[in-house]
Amino acid sequence: MPESTPKAEKKSYKDTLNLPRTSFAMKANLIQNEPASLRRWDQMDLYRRLREQRRGAPRYVFHDGPPYANGSIHLGHLLNKVLKDLVVRSRTMMGFDCPYIPGWDCHGLPIEHKVVQELGDKARSMHALQIRQRCQADAEKFVKLQRQQMQRLLTLADYENPYLTMDPAYEAAVLEVFADLLSKGLVYRAKKPVHWSIANRTALAEAELEYYDREDHSIYVLFEAADPPAVFERFSVSPPASGAKPYFMIWTTTPWTLPANLAIAVHEGFDYSLVRFAGDRFAVVASELTEKVMRQAGVSDWEKLGPPLPGARLLELTYRHPFVQSPQHPFRVLPAPYVTLEDGTGLVHTAPGHGVEDYQTGQKHHLPTYCPVQEDGTFDHTAPQWLQGVEVWKANDLVIDRLRSSGHLFHDHKFTHSYPHDWRSKTPVIFRATEQWFIGVDRPFTLPGGTTSAGATSGGSGGDQPTTLRQLALRVTEHDVQFFPAWGRNRMRGMLESRPDWCISRQRAWGLPIPAFYTAQGDTLLTPASVRAVADATRHHGSDYWFKATPQELLATYDAVRDPDIPDALGQKIEAHGLQSAGLHKSTDIFDVWWESGTSWFAVIHQRRQAPDNGQTDLYLEGSDQHRGWFQSSLLPALGYMGRSPFRAVLTHGFMVDKDGRKMSKSLGNTLEVEALLKEFGADVCRWWVNSLNTDNDIKADLEFFRLAGEEYRKVRNTIRFLLSNLYDFDPRPRSAGGYRHEFTAADAATLDAWALAELAQLVRETRSDYEHFRFRKLHEAVFNFCNHTLSAVYLAAIKDRLYCDPAGSPRRRRTQTALYQITDALLRLIAPILPHTADEAWQSLHGASPRDMARCVHLELFPQPVEVPTDPDWPAVIRDYRDSALQQIELVRTGQGIDNPLDCGLRVVIDSTNAYLRRFDPIDLSDLCGISWVKLEPPPPEPPEALKTSGRDRYEVVDLRSEPRCERSWKRDGTVKSRRDGGLLCHRCAQALGLT
RNA sequence: GGGCUCGUAGCUCAGUUGGUCAGAGCGCACCGCUGAUAACGGUGAGGUCGGAAGUUCGAAUCUUCCCGGGCCCA
């Protein structure tokens with residue numbers, strides 16, 4: 001079947017065009033191609049090559065916070081690691097030497113708990129070393145898994161040499177810092193209540209508790225006021241003639257803790273009433289609970305006396321303990337924020353040795369952490385005689401009987417509630433104060449003056465003025481640390497102001513032992529020198545050595561005789577009879593894992609000499625939960641050690657929530673699996689998504705958002721593809737070197753290409769600055785808009801005609817290609833940190849390199865500098881005002897007159913004073929910007945000028961060109977189209993291009 | 001319960017010190033192109049700025065309270 005002639009002719013011209021071509025595929029195929037990129041970078045040893053390249057360059061010290069080596073990485077890791085990678089890659093491309101040493105937190109309860117649970121009953125008969133071995137294997141397994149997953153995210157880090165908190169060298173470093181703080185008097189030992197298993201005589205962690213129902217006593221106890229007139233007086237009630245005394249009524253479900261009662265806590269804001277009941281008895285109870293309490297006790301004869309009193313007015317009233325006779329100090333009423341009106345009486349029995357909240361109240365008001373209960377659950381000799389040697393569970397009844405017979409028991413009933421039990425023995429646990437190690441945040445200490453703290457904090461913390469960790473921390477938070485976002489400072493300050501002393505000891509196996517030794521005589525050996533000796537041993541043998549070696553072996557490099565800090569008696573004994581004579585036994589405590597990760601600035605940055613001169617890092621970047629976590633646990637040891645913050649800046653991000661703003665959790669089933677996301681979208685798309693986020697606050701994540709990111713990615717990819725595809729015949733070298741590069745001068749200022757390059761320079765300026773200030777979202781938007789609007793919609797659409805139809809080597813086409821090349825080159829560098837795979841793939845295509853060409857890699861390049869090209873200052877007005885107005889008018893006319901193709905339109909622009917600037921521009925540029933065949937600029941008709949000025953639209957006159965001949969090559973109807981000698985209908989330009997003129 | 005923080009078009013977000021700040025992108029609707037084509041372009045419709053009260057000549061923007069999220073504590 002014969003083809004129609006015109007169609008055949010049209011086809012023939014297609015071959016005469018410079019149509020785009022490229023090897024850069026439209027379809028990214030990230031799932032297959034990203035792993036290939038990973039292998040390529042691995043082969044070229046990209047990370048090390050960059051270190052080489054940046055040797056001697058200014059350092060930017062980023063310090064990676066160690067994730068816990070447990071389980072697969074989740075969305076939070078994806079966010080965190082990609083942000084870190086964006087920082088490190090961008091600083092590197094700014095020219096900094098910016099290493100990225102990834103780390104893992106390896107010790108700690110979650111791993112130990114899992115291991116012990118898997119072992120079941122076997123665990124009980126195993127030595128700590130055996131448990132530790134399994135824990136280590138577990139940690140190693142997950143370090144390996146997570147490392148591989150993080151690499152799959154295309155993050156570029158020193159994965160060959162990560163830091164692990166279980167490495168012997170790391171452990172030794174942790175001990176070094178501990179020794180230093182010890183030398184400054186910041187470490188102390190004191191009692192603190194912990195969950196205690198009587199059956200196993202051990203402290204338990206939260207995760208080792210199981211909650212079962214248990215029947216307990218619920219008792220209401222009357223504590224007699226020590227100063228009855230004061231109570232009546234505060235309630236504005238006259239004391240009764242009978243001389244009856246007022247009582248404070250408390251409620252408890254643990255009668256056995258009453259011997260350790262040291263205070264009563266009230267809420268300052270609640271109302272309290274003085275209640276008369278049972279004829280002539282008086283008790284203080286929270287107003288709101290009075291009726292409930294009386295009803296529960298079956299008391300109907302009662303009344304509130306006087307007006308209610310806020311708790312604040314009860315403070316410092318004193319009382320007599322029902323059966324503890326001679327207190328060192330008076331029993332007082334104290335304020336506590338945790339008092340509620342849910343249960344009880346609104347007055348809370350406070351025993352600092354038997355409850356965490358009680359303990360905190362005790363700390364605040366300088367009460368001793370009194371705990372008369374021994375390891376075996378029996379009362380010691382400090383308890384009333386009738387309780388001594390009695391187990392707490394038996395003591396309950398004794399206490400209740402005692403209270404009843406002395407008239408202090410208001411009411412008693414049994415009830416069932418959920419109560420924590422030891423998950424191994426299944427017996428109920430108690431709160432019991434035990435000896436723990438603390439870092440004192442309010443202990444005055446002196447930093448060595450001179451060099452160590454020179455230039456440290458602006459507040460003048462150096463020198464010999466005593467200060468405290470809390471004061472120092474607040475000072476550097478205020479003055480020395482930059483916070484992104486800025487409110488991080490307030491958050492940090494608030495947390496520092498209210499934080500208690502840091503309990504750094506744990507009673508577990510999987511961790512770094514606290515290197516203390518005890519003697520049967522009650523001496524403790526824990527001095528800077530002894531700790532450093534253990535650090536030496538640990539460095540060589542690892543922390544397992546603590547569990548294998550004797551005290552003598554652990555202290556092999558310790559010279560007790562020369563240790564000024566050793567307790568006198570112990571020192572004398574050792575001096576006389578040697579270390580062995582001291583009868584040392586090893587502590588069974590380990591460090592809180594936060595202490596380990598909190599000294600990473602020393603173990604990683606200092607010891608590996610990562611930071612120049614003063615040892616400060618430039619940035620910590622973590623979730624906002626770390627204001628209390630790692631940022632603080634790093635800040636405090638660093639302040640103690642060197643008197644300055646370990647970081648100059650802190651960048652935090654929010655947490656992942658689902659599309660409805662709810663937190664993500666496995667139990668809610670609203671999580672997304674990182675592995676699945678990578679499999680479906682690829683890392684570049686995931687990274688593009690991260691880069692699009694406002695990370696200051698909560699981050700909504702949903703599969704749909706990843707799809708959208710995929711759409712955006714494809715759009716950008718296509719723009720890049722179009723850029724590349726129009727450079728296939730372009731040699732970027734200067735003409736002098738045989739290339740095609742156009743040198744832009746002032747003569748080009750009014751060209752479209754000059755405008756595009758000016759836009760590029762602006763993008764480069766903004767983007768560089770945004771990278772510098774971590775404004776990733778803003779940068780993302782700028783890049784996206786540049787690709788979509790500036791390039792795809794405006795510039796690339798406009799230059800298509802000249803790229804395709806002009807003679808390949810025409811100056812105009814080469815000029816445009818020069819601009820295209822510069823744009824592509826700069827754009828790929830700018831997006832390289834975001835899309836490492838895609839940018840590199842495109843980079844190879846731009847340079848006609850194969851993936852095996854290890855020298856051609858965008859990640860070895862620097863960010864572009866903004867290149868200023870002379871540009872007409874009215875270009876923005878052309879794009880914004882002229883183009884938009886013209887397109888609107890064209891659209892209006894086309895729909896009104898049924899003109900489908902914009903090329904079937906011409907445009908007369910009547911120039912008046914407001915758009916006079918248009919005269920400076922090439923009419924062909926002006927028409928190409930609108931996709932029409934021609935633009936004619938005309939002066940306004942002589943009359944009536946007023947009418948034209950009042951109607952903006954009248955300035956644009958769209959002309960229907962459908963009756964005019966159409967160039968069969970360029971499809972334009974520009975008025976020059978006529979039959980040429982090859983028989984085709986061509987415009988002048990196309991005829992020239994084909995040599996037909 | 002406390003500290004910090006967030007709540008602006010269907011979605012994701014911009015909106016310095018209160019007065020053209022009611023915007024962008026996506027999505028959507030309609031249209032075009034078919035020489036970026038499992039692409040590209042154009043036009044357009046969407047919001048009483050979580051709710052209430054207050055300060056002010058004037059508030060998305062300041063104050064108070066309330067509702068609903070998040071992190072960290074308790």
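Below, chain A is the first sequence line, B the second, and so on; all start at residue 1.
Among the protein residues, A:Asn697 comes within range of the sugar-phosphate backbone only, with heavy atoms under 4.0 Å from sugar or phosphate atoms but none that close to a base. Using a 4.0 Å heavy-atom distance criterion, A:Ala793 is classed as a sugar-phosphate-only contact. Contact annotation for A:Pro485: no contact, since no heavy-atom pair falls under 4.0 Å across all strands. The residue A:Arg714 sits apart from the nucleic acid: no heavy atom pair falls under 4.0 Å.
A donor-acceptor contact under 3.5 Å links the side chain of A:Ser792 to the base of B:rA36.
Pair check for B:rG68 finds B:rC6; Watson-Crick or G-U wobble, both atom distances under 3.5 Å. B:rG35 makes up no base pair with any nucleotide shown, lacking Watson-Crick or G-U wobble contacts both under 3.5 Å. Pair check for B:rC30 finds B:rG42; Watson-Crick or G-U wobble, both atom distances under 3.5 Å. Pairing for B:rC11 goes to B:rG25, judged as Watson-Crick or G-U wobble with the two contacts each under 3.5 Å. Base pairing analysis places B:rC49 opposite nothing; no Watson-Crick or G-U wobble pair with both distances below 3.5 Å involves it. Look at B:rC62: its Watson-Crick or wobble partner, with both distances under 3.5 angstrom, is B:rG54.
Checking A:Thr652 against A:Arg491 by side-chain atom types alone, no donor-acceptor pair falls below 3.5 Å. A:Glu622 and A:Trp630 share no side-chain donor-acceptor pair at under 3.5 Å.
At the phosphate of B:rA14, OP1 or OP2 sits under 4.0 Å from a side-chain N or O atom of A:Asn694. Side-chain N/O atoms of A:Arg21 include none lying less than 4.0 angstrom from OP1 or OP2 on B:rA36. Contact annotation: A:Lys800 does not reach the phosphate of B:rG35 (side-chain N/O to OP1 or OP2, under 4.0 Å). Listed pair A:Arg721 / B:rU37 meets the phosphate criterion, a side-chain N or O lying under 4.0 Å from OP1 or OP2. Here A:Lys659 does not reach the OP1 or OP2 of B:rC11: none of its side-chain N or O atoms lies under 4.0 Å away.
Whole-Å rounding puts the A:Leu727 CG to B:rA36 C1' distance at 13 Å. Distance A:Glu766 CD to B:rA14 P: 16 Å, rounded to the nearest Å. Rounded to whole angstrom, the span from the CE atom of A:Met664 across to the C1' atom of B:rG69 amounts to 14 Å.
In this pair, A:Phe774 and A:Phe484 present their aromatic rings perpendicular. The plane angle is above 60°, beyond the 30 to 60° band. Ring pair A:Phe784/A:His780 is parallel by interplanar angle, where below 30° counts as parallel and above 60° as perpendicular. Ring orientation note: the planes of A:Tyr956 and A:Tyr882 are tilted relative to one another, at an angle of 30° to 60°.
Between A:Asp928 and A:Lys972, at least one side-chain nitrogen of the basic residue sits less than 4.0 Å from a carboxylate oxygen of the acidic one, meeting the salt-bridge criterion.
Along RNA chain B, the nucleotide nearest to A:Asn901 and the one nearest to A:Asp660 differ in position, and the one closer to the 5' end is contacted by A:Asn901.
You'll find the side chain of A:Met492 reaches within 4.5 Å of the side chain of A:Gln632, heavy atoms only. Side-chain atoms of A:Thr477 and A:Val481, non-hydrogen and from C-beta on, never get closer than 4.5 Å to each other.
Nearest nucleotide to the side chain of A:Arg662, out of B:rA36, B:rG69, B:rU43: B:rG69. If you check B:rA38, B:rU43, B:rG35 against the side chain of A:Met26, the one that comes closest is B:rA38. Listed candidates were B:rG35, B:rC4, B:rC33. Nearest to the side chain of A:Cys805 is B:rG35. Candidate nucleotides B:rG70, B:rG35, B:rC40 were compared by shortest atom distance to the side chain of A:Lys663, and B:rG70 ranks first.
Aromatic stacking is marked for A:Trp971 over B:rG35, as both cut-offs hold: 5.5 Å for the centres and 30° for the planes.
Enclosure of atom CD in A:Glu288 is not indicated, since only 12 or fewer non-hydrogen atoms of other residues, nucleotides or ligands lie within 6.0 angstrom.
A:Tyr713 does not carry A:Arg687 over the face of its six-membered ring by the limits of under 6.0 Å from the centre and within 45° of the normal.
Nearest heavy-atom pair, A:Leu752 versus A:Ala798, reported as atom, atom and distance to 0.1 Å: CD2-CB, 3.6 Å.
Under the 90° criterion around 0 for the glycosidic angle, B:rG46 counts as syn.
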List every contact pair, protein side and nucleotides 72-74 of chain B side both N or O, where the distance is under 3.5 Å.
unit_1, atom_1, unit_2, atom_2, d
B:rC72, O2', A:Arg628, NE, 2.8
B:rA74, OP1, A:Gln360, NE2, 3.4
B:rA74, O3', A:Glu357, OE2, 3.3

Report all interatomic pairs (protein N or O, nucleotide N or O of nucleotides 20-31 of chain B) with separations under 3.5 Å.
none

